[in-house]
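Written below as structure tokens is the structure these notes are about.
Please read all numbers here as calculations on a predicted model, not as lab measurements. Naming: A, B, ... by sequence-line order, numbering from 1 per chain.
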Amino acid sequence: MNKEVRVRFAPSPTGALHIGGVRTALYNYLFAKKMGGKFLLRIEDTDQTRFVPGAEDYIKESLEWLGISPVESPWNPGGCGPYRQSERKPMYMQYALDLVEKGHAYYAFDTSEELEAMRERLTAARVVQPQYNSITRTQMKNSLTLTAEEVKARHASGEPYVIRIKIPRNEEVRLNDMIRGWVMVNSSTLDDKVLMKSDGMPTYHLANIVDDHLMNITHVIRGEEWLPSAPLHVLLYRYFGWADSMPQFAHLPLLLKPDGNGKLSKRDGDKLGFPVFPLNWTDPFTGEKSSGFREQGYLPDAFLNFLAFLGWNPGDERELFTIEELVEAFSVERIGKSGTKFDIAKAKWYNEQYLKVKPIDELAAFFIADANAEGFEVPADKTEAIVNLVKGRVTFPADLWKESKFIVSAPTEFDQEIASKKWNADAVKVLGAYAVTLEGFSGPFDAGTAKALLESTAETEGIKLGKVMQAVRLAVTGSGAGPDLMEVFAILGTMEVAKRIRFALSTLTVVA
RNA sequence: GGUCGGUUCGUCUAGGGGUUAGGACGUAUCCCUUUCACGGAUAAAACACGGGUUCGAUUCCCGUACCGACUACCA
């Protein structure tokens with residue numbers, strides 16, 4: 001009754017982990033933490049043909065990036081190992097045989113050609129569900145139709161076989177999903193799923209039940225795509241005699257494409273205009289590259305917060321949650337039932353919120369790194385002022401440098417559109433005079449001083465400052481928009497501002 | 001096609017037998033700002049449809065429509 005909560009995230013290493021999987025991992029993590037339980041990870045690599053090198057490391061790194069690492073995993077084993085199904089291979093057959101013995105499973109020798117022929121035959125006969133089931137199995141080559149001697153002979157000759165579950169003909173199977181409530185299904189709609197493949201590996205269905213049981217999993221939180229096979233899993237627990245300790249199920253709503261057509265899939269890559277993976281990924285076979293949220297500049301906390309809200313909400317109007325607050329607020333009951341469209345605009349908003357409250361030295365580090373990468377040295381005494389000036393204008397850390405590069409690197413070109421509209425005789429007059437003023441000025445030069453000086457210069461020239469302000473900005477920054485100009489002047493200093501003005505004056509020509 | 005699941009502003013959602021149906025993103029307008037952005041304010045914007053049940057349904061029930069998942073010796 002008071003069993004420790006143990007949940008697992010069970011990805012298969014068939015490529016990059018996609019964000020739907022990341023959210024599943026997150027919900028498992030939050031639930032485990034909330035319940036004071038354990039979050040573990042199991043690699044489901046029973047399909048050797050789909051193995052992709054690097055995928056497992058990718059999963060590990062993704063979870064580490066987000067700070068939701070499992071406490072038991074292949075790379076950090078606990079007491080229920082191994083944590084890779086391929087390494088558990090020897091364990092499964094005995095369970096399958098147990099089912100055969102109990103009459104809940106049987107050997108089947110049909111070749112894939114025969115299976116295909118069966119499906120074609122049934123389809124041609126307009127059978128609604130062409131599947132291997134209580135009716136069709138009587139026509140196939142299996143230990144239910146063959147004599148014991150024949151089965152023995154086939155085994156002796158080394159003929160390949162699979163073990164299938166024997167689904168009862170007509171039986172109500174029900175399960176109480178934590179998110180969806182009671183789900184009922186008649187066994188007549190289920191088929192005799194393969195439990196053991198001919199290569200000696202279990203299928204997902206067998207392996208996940210055996211492993212969840214052996215690993216003392218108490219709650220299975222997984223995607224909704226598993227809902228249709230959940231009744232099969234219930235039957236397996238029952239046939240194994242594990243019904244009493246069967247985990248509770250929670251089937252998560254799917255993450256949908258923004259256009260509303262279908263679930264988000266790995267194949268969407270960057271086609272939708274945003275990444276579907278947490279980290280950059282290069283397919284080792286095709287060389288195809290896909291971008292990740294991390295490399296695009298999403299902060300792990302912001303991304304986590306965003307992801308948590310895709311299908312779950314705390315029930316109040318708070319939006320910004322640290323991981324600890326998410327744990328505290330989380331409950332499976334508050335997970336929605338319907339599919340969730342992925343909204344990248346919201347993800348950006350979260351990133352902006354987190355960026356805004358980041359300590360200045362962390363932001364400065366981003367800024368300096370980007371500047372250095374482009375070969376620029378930023379005076380140490382100026383970084384803080386620059387970062388403070390632009391931090392309200394950025395979505396990604398990289399924007400810090402993009403937005404302020406003009407401060408470190410004087411413009412060599414000017415926005416032509418602004419120039420043609422605002423570069424006039426009045427502007428030239430004021431700027432010329434202002435340059436002279438600055439060159440002759442000594443003393444503390446801050447934004448207020450810069451402004452006072454500029455105002456008095458304009459007044460002396462008899463020109464309204466408002467009319468030439470854009471030109472002043474253009475001269476010093478090269479563009480028509482940007483952060484507070486006077487603050488920029490203060491950071492630049494009198495001589496640099498004057499120098500830039502003189503360059504603009506000598507470069508731009510007044511068009512009548 | 002069959003089985004299962006779902007359906008509140010464009011999007012994420014709150015709510016739930018009687019509400020001006022609330023918030024957030026996005027959008028628009030205004031304020032702030034001698035620019036752009038930030039910030040502040042305001043606005044437009046939703047209970048899929050049809051039947052019940054009920055004094056009353058967006059909320060409960062049924063059906064329809066639509067959307068989605070699943071339907072492999074893949075997970």
Side-chain angles (χ1 to χ4, degrees), chain A residues 10-14 44-47 49-50 85 108 110-112 115-116 119 123 126-132 160-164 177 179-181 183-186 188-191 193-205 207-208 222-231 251 253-254 256 258 260-263 306 309-320 334 336-350 352 356 390-394 403 418 422 451 454-455 458 464-470 472-474 477 479-486:
Chain A
S12 51
T14 54
E44 309 237 326
D45 54 352
T46 53
D47 187 352
T49 65
R50 293 210 305 161
Q85 290 182 328
D110 315 278
T111 64
S112 51
L115 290 171
E116 187 51 38
R119 283 187 201 103
T123 306
R126 293 172 198 269
V127 171
V128 274
Q129 289 178 87
Q131 57 187 19
Y132 210 116
Y161 65 91
V162 300
I163 295 178
R164 287 179 181 272
D177 187 271
I179 293 171
R180 282 149 220 287
V183 176
M184 266 162 278
V185 130
N186 191 286
S188 63
T189 66
L190 270 27
D191 65 338
K193 280 269 183 290
V194 169
L195 264 21
M196 287 297 294
K197 300 187 267 191
S198 56
D199 65 359
M201 276 293 218
T203 58
Y204 169 83
H205 303 293
N208 105 84
R222 78 226 296 194
E224 191 188 321
E225 67 267 31
W226 293 109
L227 197 49
S229 59
H251 289 94
L254 264 14
L256 272 17
N261 286 311
K263 70 168 174 173
F306 163 70
F309 272 67
L310 250 29
W312 171 86
N313 76 85
D316 56 38
E317 284 169 1
R318 291 175 297 162
E319 303 272 348
L320 269 12
R334 295 208 64 86
K337 292 177 170 67
S338 45
T340 303
K341 286 179 191 150
F342 193 85
D343 180 16
I344 195 64
K346 194 80 171 241
K348 287 181 179 167
W349 178 79
Y350 270 108
E352 288 162 5
K356 225 167 274 182
V390 298
K391 72 171 182 176
R393 322 171 53 83
V394 301
E403 286 286 326
I418 303 291
K422 304 287 183 182
K451 189 173 180 183
L454 183 56
E455 275 168 346
K464 286 202 76 156
L465 186 53
K467 304 192 72 172
V468 298
M469 206 55 196
Q470 280 289 86
V472 175
R473 174 179 290 280
L474 182 72
T477 72
S479 89
D484 189 282
L485 230 209
M486 296 306 126

Base, sugar-phosphate alone, or nothing: which one does [X] contact when heavy atoms must sit under 4.0 Å apart?
X	value
A:Pro483	base
A:Gly466	base
A:Arg334	sugar-phosphate

Scan nucleotides 27-33 of chain B against the protein and return all N/O pairs shorter than 3.5 Å with their distances rounded to 0.1 Å.
none

Distance check, [atom1] atoms only: [N] and [M], in whole angstrom units.
N	M	atom1	result
B:rU58	B:rG2	C1'	32 Å
B:rG23	B:rA75	P	48 Å
B:rG63	B:rA69	P	23 Å
B:rG10	B:rA44	C1'	12 Å
B:rC67	B:rU29	P	35 Å
B:rG6	B:rU27	C1'	28 Å
B:rC62	B:rC74	C1'	38 Å
B:rG39	B:rA46	C1'	28 Å

So [Y] and [X], do their side chains get closer than 4.5 Å, heavy atoms only?
X	Y	answer
A:Lys337	A:His251	no
A:Lys197	A:Ile163	no
A:Ser12	A:Tyr204	no
A:Lys263	A:Glu225	yes
A:Leu254	A:Lys341	no
A:Thr203	A:Met196	no

task: Name the residue closer to the 5' end of RNA chain B, choosing between A:Lys337 and A:Leu310 according to the nucleotide with the nearest heavy atom.
output: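 Per heavy-atom nearest nucleotide, the more 5' residue is A:Lys337.
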
- request: Please figure out whether A:Leu465 or A:Gly336 has its closest RNA chain B nucleotide nearer the 5' end.
  value: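 Here A:Gly336 is the residue nearer the 5' end.
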
field: Pairwise distance CZ(A:Phe306) to NZ(A:Lys346) - rounded to 0.5 angstrom
entry: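 Between A:Phe306 CZ and A:Lys346 NZ, I get 9.0 Å after rounding to 0.5 Å.
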
query: Which distance, rounded to the nearest 0.5 Å, do you find between the OG1 of A:Thr123 and the CD of A:Gln129?
result: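 Rounded to the nearest 0.5 Å, the OG1-CD separation comes to 11.5 Å.
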
May I ask you to evaluate whether [X] reaches the phosphate of [N], defined as a side-chain N or O under 4.0 Å from OP1 or OP2?
X	N	value
A:Lys263	B:rG68	no
A:Asn313	B:rA14	yes
A:Thr340	B:rU13	yes

- prompt: For A:Arg393, what residues pass the salt bridge (Lys or Arg N to Asp or Glu O under 4.0 Å) criterion, not counting sequence neighbours?
  reply: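 Once residues adjacent in sequence are excluded, the partners of A:Arg393 under the salt bridge (Lys or Arg N to Asp or Glu O under 4.0 Å) criterion are A:Glu403.
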
message: Could you work out, with salt bridge (Lys or Arg N to Asp or Glu O under 4.0 Å) as the rule, every residue matching A:Arg180, not counting sequence neighbours?
response: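 Residues passing salt bridge (Lys or Arg N to Asp or Glu O under 4.0 Å) with A:Arg180: A:Glu224.
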
Polar atoms only, N or O, under 3.5 Å: list the protein pairs with nucleotides 39-50 of chain B and their distances.
from	atom 1	to	atom 2	distance (Å)
B:rG39	OP1	A:Lys356	NZ	3.3

Gap between atoms [atom1] and [atom2], on [X] and [N] respectively (whole Å):
X	N	atom1	atom2	result
A:Leu256	B:rC67	CG	P	12 Å
A:Ile179	B:rA69	CD1	C1'	15 Å
A:Tyr350	B:rU11	OH	P	18 Å

With both distances under 3.5 angstrom, what nucleotide forms a Watson-Crick or G-U wobble pair with [N]?
N	answer
B:rC66	B:rG6
B:rU71	B:rG1
B:rU53	none
B:rG39	B:rC31

message: Minimum heavy-atom separation for A:Pro130 and A:Val127, please, with both atom names.
response: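 A:Pro130 and A:Val127 have their closest heavy atoms at CD-O, 3.9 Å.
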
Quick one: which protein N/O atoms are closer than 3.5 Å to N/O atoms of nucleotides 72-75 of chain B? Pair and distance per line, please.
from	atom 1	to	atom 2	distance (Å)
B:rC73	OP2	A:Arg164	NH2	3.4
B:rC73	O2	A:Ser198	N	2.7
B:rC73	O2	A:Ser198	OG	2.8
B:rC73	N3	A:Ser198	OG	2.9
B:rC73	N4	A:Asp110	O	3.3
B:rC74	OP2	A:Lys197	NZ	3.2
B:rC74	O2'	A:Asp47	OD2	3.2
B:rC74	O2'	A:Arg50	NE	3.3
B:rC74	O2'	A:Arg50	NH2	3.1
B:rC74	O2	A:Arg50	NH2	3.4
B:rA75	OP1	A:Thr46	OG1	2.7
B:rA75	OP1	A:Lys197	NZ	2.7
B:rA75	OP2	A:Tyr204	N	3.1
B:rA75	O3'	A:Glu44	OE1	3.0
B:rA75	O2'	A:Ser12	OG	2.9

message: Test of understanding: with ring pair (Phe, Tyr, Trp, His ring centres under 6.0 Å), list the residues that count as partners of A:Tyr350, not counting sequence neighbours.
response: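 Ring pair (Phe, Tyr, Trp, His ring centres under 6.0 Å) check on A:Tyr350 returns nothing, list empty.
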
message: Quick check on side chain to side chain contact (heavy atoms under 4.5 Å, CB included): which of A:Met201, A:Arg50, A:Gln85 does A:Asp45 satisfy it with?
response: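 Of the listed options, the one satisfying the test is A:Gln85.
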
Candidate nucleotides B:rG5, B:rA24, B:rU35, ranked by approach to the side chain of A:Arg180 - the nearest: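 Of the candidates, B:rG5 comes closest.
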
